[in-house]
Student: 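One structure follows; several queries about it will come next.
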Amino acid sequence: MTPSHETPTMKHYLQFNDLSADEYAYLFARAAVIKKKFKAYDKHHTLADRTLAMIFEKASTRTRVSFEAGMYQLGGSVVHLTTGDSQLGRAEPIEDSAKVISRMVDLVMIRTYEQTKIERFAADSRVPVINGLTNEFHPCQILADIFTFIEHRGSIAGKTVAWVGDGNNMANTWLQAAQLLGFKVHVSTPRGYEVDEKLAVGAGGACASSYQFFSNPLDACRGADLVTTDVWTSMGYEAENEARKQAFADWCVDAEMMAVAQSDALFMHCLPAHRGEEVEADVIDGPQSVVWDEAENRMHVQKALMEYLLLGRQA
């Protein structure tokens with residue numbers, strides 16, 4: 001008999017490439033079922049008596065609420081650790097923390113800086129580890145974004161996503177998703193803030209046929225089915241804020257960019273948003289914006305993900 005704190009055929013979710021296209025098809029379908037139950041106040045306690053440990057080295061609003069509320073709604077419980085009581089690799093080696101924590105809980109979500117930290121933790125964990133965000137990747141957000149697109153427009157296969165802004169963890173993850181799920185990404189970033197192709201592509205991810213770079217953000221948006229962006233200064237890069245504001249001045253998603261996209265194009269932003277910087281207010285608050293659905297859907301897809309990592313496919 002398998003011990004309760006070890007998952008048979010255990011999987012981690014550290015970057016988008018950790019699951020297959022078939023597994024994503026299941027997760028999107030399962031998230032729709034789980035969301036429907038949530039809206040109907042229909043109890044869905046598939047993870048009763050299971051415990052999620054959440055480790056935060058980066059501040060969070062949506063990640064904490066979506067994982068914590070989601071785990072409780074699945075009938076489980078949550079242990080919340082912050083930098084004050086869990087500094088990975090400082091008070092003790094990351095490997096030792098992983099060995100201890102994973103003997104006491106069923107699932108671990110980590111939101112931290114370097115991807116190597118979460119990889120080291122996962123290597124010594126007896127339970128599945130989920131990436132709640134690192135400097136390099138943000139797979140749970142793209143999981144929610146694609147689910148949101150499917151809700152509003154159907155399959156994302158063959159569609160075009162325009163990424164306007166920083167070549168950050170979100171951009172890296174979009175490139176991986178495009179290769180895996182059969183759509184295209186148009187990327188436009190200021191010079192000096194490009195996507196690290198070696199990181200995104202080298203991780204077994206995107207190939208050149210699934211993405212294209214544009215120096216002009218307007219050209220990137222042309223014909224796009226989805227236009228999306230992020231803050232210009234991510235956590236950990238605050239010292240660069242003023243320099244980034246100058247460099248990114250022409251990369252504010254505005255009505256002109258949305259006008260050259262498809263007439264039914266959606267706008268997304270992983271939030272928090274700075275109106276007047278990376279996006280104009282009339283876009284994020286306009287009729288093509290689905291940012292609030294997108295934010296809520298973090299919880300639903302993560303519930304499907306946690307359930308899948310612990311229980312496998314459910315009928």
Side-chain angles (χ1 to χ4, degrees), residues 4-7 10-15 31 34-35 38 43-141 143-144 169 234-236 270-272 294-311:
S4 61
H5 294 292
E6 289 188 41
T7 306
M10 185 179 72
K11 290 177 178 285
H12 299 300
Y13 192 58
L14 309 185
Q15 54 183 282
I34 290 172
K35 182 174 182 177
F38 171 79
K43 285 185 180 179
H44 185 74
H45 288 177
T46 51
L47 296 187
D49 299 322
R50 302 296 183 104
T51 302
L52 165 70
M54 303 192 304
I55 302 174
F56 289 97
E57 290 202 310
K58 282 192 174 187
S60 168
T61 300
R62 281 151 295 278
T63 297
R64 177 175 178 179
V65 175
S66 59
F67 270 106
E68 190 162 345
M71 191 61 175
Y72 284 131
Q73 290 163 20
L74 291 171
S77 56
V78 177
V79 176
H80 179 241
L81 302 169
T82 61
T83 50
D85 44 34
S86 67
Q87 294 167 319
L88 292 179
R90 298 179 191 176
E92 66 178 356
I94 291 173
E95 294 76 8
D96 290 1
S97 295
K99 288 171 184 174
V100 171
I101 293 170
S102 67
R103 283 173 174 260
M104 300 177 181
V105 302
D106 302 279
L107 192 61
V108 178
M109 185 283 296
I110 301 176
R111 183 178 174 94
T112 187
Y113 291 89
E114 300 85 7
Q115 181 76 8
T116 53
K117 278 191 172 184
I118 198 169
E119 290 173 351
R120 288 170 60 195
F121 190 102
D124 278 281
S125 174
R126 293 170 55 164
V127 302
V129 176
I130 297 172
N131 182 350
L133 176 144
T134 61
N135 288 346
E136 292 84 357
F137 300 108
H138 198 358
C140 288
Q141 183 64 58
L143 187 65
N169 51 6
S234 298
M235 278 178 286
C270 59
L271 304 177
E294 177 190 5
E296 178 190 331
N297 282 337
R298 279 287 300 277
M299 183 175 73
H300 304 304
V301 295
Q302 287 164 188
K303 287 166 74 173
L305 175 66
M306 291 189 290
E307 183 188 77
Y308 177 65
L309 292 176
L310 288 176
L311 303 179

Student: Nearest 0.5 Å, what's the CD-OG distance between Gln141 and Ser66?
Tutor: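 Gln141 CD to Ser66 OG: 9.0 Å, rounded to 0.5 Å.
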Student: What are the two closest non-hydrogen atoms of Thr134 and Gln115, and how far apart are they?
Tutor: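 Closest approach of Thr134 to Gln115, heavy atoms only: OG1-OE1, 2.6 Å.
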Student: So which heavy atom on Met306 is nearest to which on Gly70, and how close?
Tutor: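 The pair with the smallest heavy-atom distance is CE-C, 4.2 Å.
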Student: Provide the closest heavy-atom pair for Pro128 versus Leu309 in the form atom of the first, atom of the second, distance.
Tutor: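 Heavy atoms only, the tightest pair is CG-O, 3.8 Å.
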Student: Do Leu74 and Arg50 make a side-chain contact, defined as non-hydrogen atoms from C-beta onward lying under 4.5 Å apart?
Tutor: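 No, every pair of side-chain atoms sits at 4.5 Å or beyond.
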Student: Could you check Asp106 against Leu47 for side chain to side chain contact (heavy atoms under 4.5 Å, CB included), going step by step and ending with a plain yes or no?
Tutor: CA-CA 10 Å; Asp106 302 279; Leu47 296 187; over 6 Å; no
Student: With no hydrogens and no angle check, is any side-chain donor or acceptor of Arg111 less than 3.5 Å from a backbone partner on Gly132?
Tutor: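 Here the side-chain-to-backbone pair exists.
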Student: Nearest 0.5 Å, what's the CZ-NZ distance between Phe38 and Lys303?
Tutor: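 Phe38 CZ to Lys303 NZ: 6.0 Å, rounded to 0.5 Å.
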Student: Distance from Leu311 atom CG to Thr46 atom OG1, nearest 0.5 Å?
Tutor: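 Spacing of CG (Leu311) from OG1 (Thr46) equals 6.0 Å.
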Student: Distance from Asn169 atom CG to Gln15 atom CD, nearest 0.5 Å?
Tutor: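 Between Asn169 CG and Gln15 CD, I get 12.5 Å after rounding to 0.5 Å.
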Student: Going through the distances and angles, do Gln73 and His44 end up as a side chain to side chain contact (heavy atoms under 4.5 Å, CB included)?
Tutor: CA-CA 7 Å; Gln73 290 163 20; His44 185 74; over 6 Å; no
Student: For the pair Lys58 and Asn135, evaluate side chain to side chain donor-acceptor pair (under 3.5 Å) and give the outcome as yes or no after the intermediate values.
Tutor: CA-CA 10 Å; Lys58 282 192 174 187; Asn135 288 346; 2.7 Å; yes
Student: Which heavy atom of Leu271 sits nearest a heavy atom of Ala295, and at what distance?
Tutor: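 Taking every non-hydrogen atom into account, CD1-CB, 4.1 Å.
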Student: For a 4.5 angstrom cut-off between non-hydrogen side-chain atoms, does Asp124 reach Asp96?
Tutor: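 Asp124 vs Asp96: side chains apart.
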Student: So Thr61 and Pro272, do their side chains get closer than 4.5 Å, heavy atoms only?
Tutor: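 No; the side chains remain at least 4.5 Å from each other.
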Student: Quick one: closest heavy-atom pair of Glu57 and Tyr113, and the distance?
Tutor: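 That would be O-CE1, 3.3 Å.
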Student: Examine distances only and state if a side-chain atom of Ser125 and a backbone atom of Phe121 form a donor-acceptor pair shorter than 3.5 Å.
Tutor: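 The answer is no, because no donor-acceptor pair under 3.5 Å joins these two groups.
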Student: What are the two closest heavy atoms between Leu14 and Val129, and how far apart are they?
Tutor: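 Minimum heavy-atom separation between Leu14 and Val129: CD2-O, 3.6 Å.
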Student: Between atom CG of Leu81 and atom OG of Ser97, what is the distance when rounded to the nearest 0.5 Å?
Tutor: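 These two atoms lie 9.5 Å from each other.
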Student: With side chains defined as the heavy atoms from C-beta onward, is the minimum distance between Ser60 and Phe67 less than 4.5 Å?
Tutor: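 Ser60 does not reach Phe67 side chain to side chain.
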Student: Taking C-beta and beyond as the side chain, do Ile101 and Ile55 meet within less than 4.5 Å on heavy atoms?
Tutor: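 Heavy-atom side-chain distance check passes, below 4.5 Å.
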Student: With side chains defined as the heavy atoms from C-beta onward, is the minimum distance between Met109 and Thr63 less than 4.5 Å?
Tutor: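 Met109 vs Thr63: side chains touch.
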Student: Counting distance only, does the side-chain N/O of Thr51 pair as donor-acceptor with the main-chain N or O of Val105 below 3.5 Å?
Tutor: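 Not at all, since once roles are kept as given, no pair shorter than 3.5 Å links the two residues.
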Student: Side-chain contact test, heavy atoms from C-beta onward, threshold under 4.5 Å: evaluate it for Met54 versus Met71 and give yes or no.
Tutor: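 No, too far: nothing below the 4.5 Å cut-off.
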Student: Could you grab the distance from atom NZ of Lys11 to atom CG of Leu310, nearest 0.5 Å is fine?
Tutor: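 Going from the NZ atom of Lys11 to the CG atom of Leu310 covers 13.5 Å.
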